[in-house]
Amino acid sequence: PAQQARHRRHVGRDVEVRISQLQPDGTYVRVAGGSVALDANGVYAFTHGPVTAGTYSAVAWLPRHRDHAKGASEVVYFRIP
């Protein structure tokens, strides 16, 4: 799975990506994550593997910067059959 977005104003800065897997009790447990830098077009991508079948969530955290507070993207949910 990969998550990507465009953030042109912050080229070269790091984005922290967190991937969590849905557990049988209904909670999500973090299974992968890491920091990736925005490229020259303000795009980031994060790939992890191997993965098992299941339902996952992904969120990207942007660190505080002079023009905004620390914040997170909307959570993206996806399923791997």
Side-chain angles (χ1 to χ4, degrees):
Q3 170 98 9
Q4 63 180 344
R6 295 185 181 275
H7 299 280
R8 294 185 192 277
R9 294 186 342 194
H10 300 326
V11 169
R13 299 192 56 84
D14 283 340
V15 173
E16 182 184 345
V17 177
R18 299 175 185 172
I19 308 292
S20 299
Q21 185 176 26
L22 180 63
Q23 302 300 300
D25 66 0
T27 62
Y28 279 85
V29 173
R30 187 171 171 182
V31 294
S35 292
V36 291
L38 298 172
D39 70 12
N41 295 310
V43 175
Y44 69 88
F46 181 80
T47 304
H48 74 95
V51 294
T52 58
T55 300
Y56 293 82
S57 67
V59 65
W61 285 88
L62 289 88
R64 182 179 175 274
H65 191 253
R66 69 176 176 257
D67 66 343
H68 62 79
K70 179 178 181 176
S73 68
E74 290 190 31
V75 178
V76 175
Y77 297 94
F78 57 96
R79 179 155 179 74
I80 298 177

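Throughout, residue positions are numbered sequentially from 1 according to the sequence presented. Basis for what follows: all heavy atoms, side chains included, without hydrogens, waters or symmetry-related copies.
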| query | Any side-chain heavy atom of V17 sitting closer than 4.5 Å to one from H48? | reply | no

| task | Would you mind reporting whether F46 and V15 have side-chain heavy atoms less than 4.5 Å apart? | result | no

| field | Smallest separation among heavy atoms of G33 and R30, with atom names | value | CA-NH2, 3.8 Å

| said: Applying side chain to side chain contact (heavy atoms under 4.5 Å, CB included) to Y77 and L22, what does each step give before you reach the verdict? | reply: CA-CA 10 Å; Y77 297 94; L22 180 63; over 6 Å; no

| note | Heavy atoms of S57 and V75 approach each other most closely as CB-CG1, 3.7 Å

| remark: Between A45 and V36 the two heavy atoms that sit nearest each other are O-CG1, 3.7 Å

| note | Shortest non-hydrogen pair, V59 vs A72, comes out as CG2-CB, 3.9 Å

| Out of T55, T52, V29, which residue meets the side chain to side chain contact (heavy atoms under 4.5 Å, CB included) rule with Q21? | T52

| message | With a 4.5 Å cut-off on side-chain heavy atoms, are Y44 and D14 touching? | response | no

